[in-house]
Amino acid sequence: MIKLERYTLFENSLDFDFLIKKSHSDIINHCLDFNFFVKKVLPEIEKTRSAIILYENNKPIGYEIVSIKFKDLFFAFTYIIPEKRGKGYSYILREEAVKSFWNETNQISFTIKKNNIASSKSVIKLIEKYNCDFSTEDTKDKNGHPYKKYTITKRSD
């Protein structure tokens, strides 16, 4: 059984801490300096409860985190434990992020490795489902790996 919970201190914080530790190398490889993440980004995410934890059979298997400042999405990251990847869980988390944080921001961006075709398709599926305007941009991470950034905005009509 799949379940989604928004991060809440003392209720599911041990599960979130467990997942953050498991995702240590992914954060370093795909995002930013882990110490900066732990000292600056993570406290803000915990304070604003802007993390969604994904459970399968009551076991934490992934999360989506976002940091929003002044109606701009500052940081977003999706993590699924390796043995559960490729099963559509990233789509579930991203959709919940769109539903949960849509009214708190002017735009939501997802940056996906270019060779991750399944995740790119899932973002397009979200864009179509919610009838959003969007733009794409080719970017590279700090290691030079190619990514595609999808920026989703509410339809202007």
Side-chain angles (χ1 to χ4, degrees), residues 2-9 12 15-16 19-20 23 26-34 36-56 60-81 84-157:
I2 299 299
K3 175 174 72 168
L4 294 162
E5 289 183 2
R6 196 149 174 186
Y7 169 84
T8 304
L9 185 64
N12 54 19
D15 294 336
F16 187 58
L19 289 168
I20 291 295
S23 63
D26 286 73
I27 291 168
I28 291 170
N29 290 333
H30 302 295
C31 295
L32 45 96
D33 177 68
F34 191 74
F36 175 80
F37 173 77
V38 170
K39 289 178 182 174
K40 299 288 184 185
V41 178
L42 196 54
E44 184 64 28
I45 289 166
E46 290 172 341
K47 180 179 142 192
T48 60
R49 296 183 54 234
S50 59
I52 300 166
I53 304 169
L54 175 67
Y55 293 86
E56 182 184 65
I61 63 164
Y63 65 85
E64 176 81 28
I65 54 176
V66 300
S67 179
I68 300 167
K69 293 194 189 260
F70 309 112
K71 297 282 255 177
D72 290 325
L73 191 87
F74 166 67
F75 178 81
F77 184 71
T78 307
Y79 176 78
I80 304 293
I81 61 173
K84 298 295 182 177
R85 293 178 183 169
K87 299 181 180 192
Y89 292 138
S90 291
Y91 176 82
I92 292 168
L93 282 167
R94 286 188 189 108
E95 180 176 34
E96 188 64 23
V98 168
K99 289 191 294 189
S100 297
F101 305 112
W102 190 250
N103 291 326
E104 297 175 34
T105 184
N106 293 323
Q107 64 184 27
I108 296 176
S109 298
F110 298 107
T111 305
I112 300 170
K113 224 173 193 179
K114 271 202 169 180
N115 65 356
N116 190 342
I117 304 301
S119 284
S120 292
K121 284 182 179 180
S122 77
V123 170
I124 296 298
K125 185 177 169 183
L126 279 173
I127 290 166
E128 291 170 352
K129 181 176 183 174
Y130 290 97
N131 195 26
C132 304
D133 286 333
F134 75 99
S135 62
T136 62
E137 175 185 351
D138 291 334
T139 64
K140 293 187 179 193
D141 69 5
K142 65 180 184 174
N143 298 318
H145 299 117
Y147 281 77
K148 185 167 285 283
K149 180 179 179 182
Y150 297 85
T151 302
I152 303 169
T153 56
K154 296 175 185 169
R155 192 163 289 282
S156 55
D157 38 85

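What you see below is based on every heavy atom in this structure, not just the backbone, and it leaves out hydrogens, waters and symmetry mates.
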Original post:
Taking atom NZ of Lys113 as the centre, does the number of heavy atoms from other residues, nucleotides or ligands within less than 6.0 Å exceed 12?
Top reply: yes

Original post:
Is Ile52 close to Ser100 at the side-chain level, that is, under 4.5 Å between some pair of heavy atoms?
Top reply: yes

Original post:
Can you name the side-chain hydrogen bond (donor to acceptor under 3.5 Å, both in side chains) partners of Glu44, sequence neighbours left out?
Top reply: none

Original post:
Do the side chains of Thr48 and Phe101 get nearer than 4.5 Å, heavy atoms only?
Top reply: no

Subject >> Side-chain heavy-atom pair Ile80, Leu93 within 4.5 angstrom cut-off >> reply: yes

Subject >> 4.5 Å side-chain heavy-atom contact, Phe77 and Val41 >> reply: no

**OP:** Can you measure from CD1 (Ile65) to CD1 (Ile27) and round to the nearest 0.5 angstrom?
**Re:** 6.0 Å

Subject >> Rounded distance [0.5 Å steps], NZ in Lys140 versus NZ in Lys114 >> reply: 8.5 Å

Original post:
Does a side-chain heavy-atom distance below 4.5 Å link Tyr130 with Lys99?
Top reply: yes

Original post:
Taking NZ, NE, NH1 and NH2 as the nitrogens, is one of them in Arg85 or Asp26 under 4.0 Å from a carboxylate oxygen of the other?
Top reply: yes

Original post:
Does the pair Ile112 and Lys148 meet the rule for a side chain to side chain contact (heavy atoms under 4.5 Å, CB included), with working shown?
Top reply: CA-CA 5 Å; Ile112 300 170; Lys148 185 167 285 283; 5.7 Å; no

Subject >> Ser23 side chain vs Ile20 backbone, donor-acceptor pair below 3.5 Å >> reply: yes

**OP:** Taking all non-hydrogen atoms of both residues into account, name the closest pair between Arg94 and Ser122 and its distance.
**Re:** NH1-OG, 3.3 Å

**OP:** Evaluate the side-chain proximity of Glu56 to Lys84: yes if any heavy-atom separation is below 4.5 Å, no if none is.
**Re:** yes

**OP:** Write down the atom of Ile45, the atom of Ala51, and the distance for their closest heavy-atom approach.
**Re:** CG2-CB, 3.9 Å

Original post:
From Glu64 CD over to Ser50 OG, what is the distance, rounded to the nearest 0.5 angstrom?
Top reply: 10.0 Å

Original post:
If you draw a 6.0 Å radius around NZ in Lys40, do more than 12 non-hydrogen atoms from other residues or ligands fall strictly inside?
Top reply: no

**OP:** Decide yes or no for Asn115 and His145: does some side-chain heavy atom of the first lie under 4.5 Å from some side-chain heavy atom of the second?
**Re:** no

**OP:** Could you grab the distance from atom CZ of Arg6 to atom CG of Asn12, nearest 0.5 Å is fine?
**Re:** 11.5 Å

Original post:
Which word best sums up how the rings of Phe16 and Tyr63 line up, parallel for under 30°, tilted for 30 to 60°, or perpendicular for over 60°?
Top reply: perpendicular

**OP:** List the atom of Gly62, the atom of Leu19, and the distance in Å for their closest heavy-atom pair.
**Re:** O-CD1, 3.4 Å

**OP:** Could you go through the side chain to side chain contact (heavy atoms under 4.5 Å, CB included) check for Glu137 and Thr151 one step at a time?
**Re:** CA-CA 8 Å; Glu137 175 185 351; Thr151 302; 5.7 Å; no

Subject >> Non-neighbouring partners of Phe110 that pass ring-ring contact (aromatic ring centres under 6.0 Å, His included), sequence neighbours left out >> reply: none

Original post:
When rounded to the nearest 0.5 angstrom, what distance separates CG in Asp133 from CD1 in Ile127?
Top reply: 9.5 Å

**OP:** Ignoring hydrogens and angles, tell me if any N or O in the side chain of Thr153 forms a donor-acceptor pair with the backbone of Gln107 under 3.5 Å.
**Re:** no

**OP:** Calculate, to the nearest 0.5 Å, the distance between atoms CG and CG belonging to Leu54 and Asp15 respectively.
**Re:** 11.5 Å

**OP:** Could you list the residues that satisfy side-chain hydrogen bond (donor to acceptor under 3.5 Å, both in side chains) with Thr8, not counting sequence neighbours?
**Re:** Arg49

Original post:
How far apart are the closest heavy atoms of Tyr55 and Pro60, and which atoms are they?
Top reply: CD2-N, 3.5 Å

Original post:
Can you name the residues that form a ring-ring contact (aromatic ring centres under 6.0 Å, His included) with Phe134, not counting sequence neighbours?
Top reply: none

Subject >> Counterpart residues, ring-ring contact (aromatic ring centres under 6.0 Å, His included), relative to Tyr89 (two or more places apart) >> reply: none

Original post:
Which residues satisfy the side-chain hydrogen bond (donor to acceptor under 3.5 Å, both in side chains) test with Thr111, sequence neighbours excluded?
Top reply: none

**OP:** Evaluate side chain to side chain contact (heavy atoms under 4.5 Å, CB included) for Cys132 paired with Tyr150, printing each intermediate quantity in order.
**Re:** CA-CA 11 Å; Cys132 304; Tyr150 297 85; over 6 Å; no

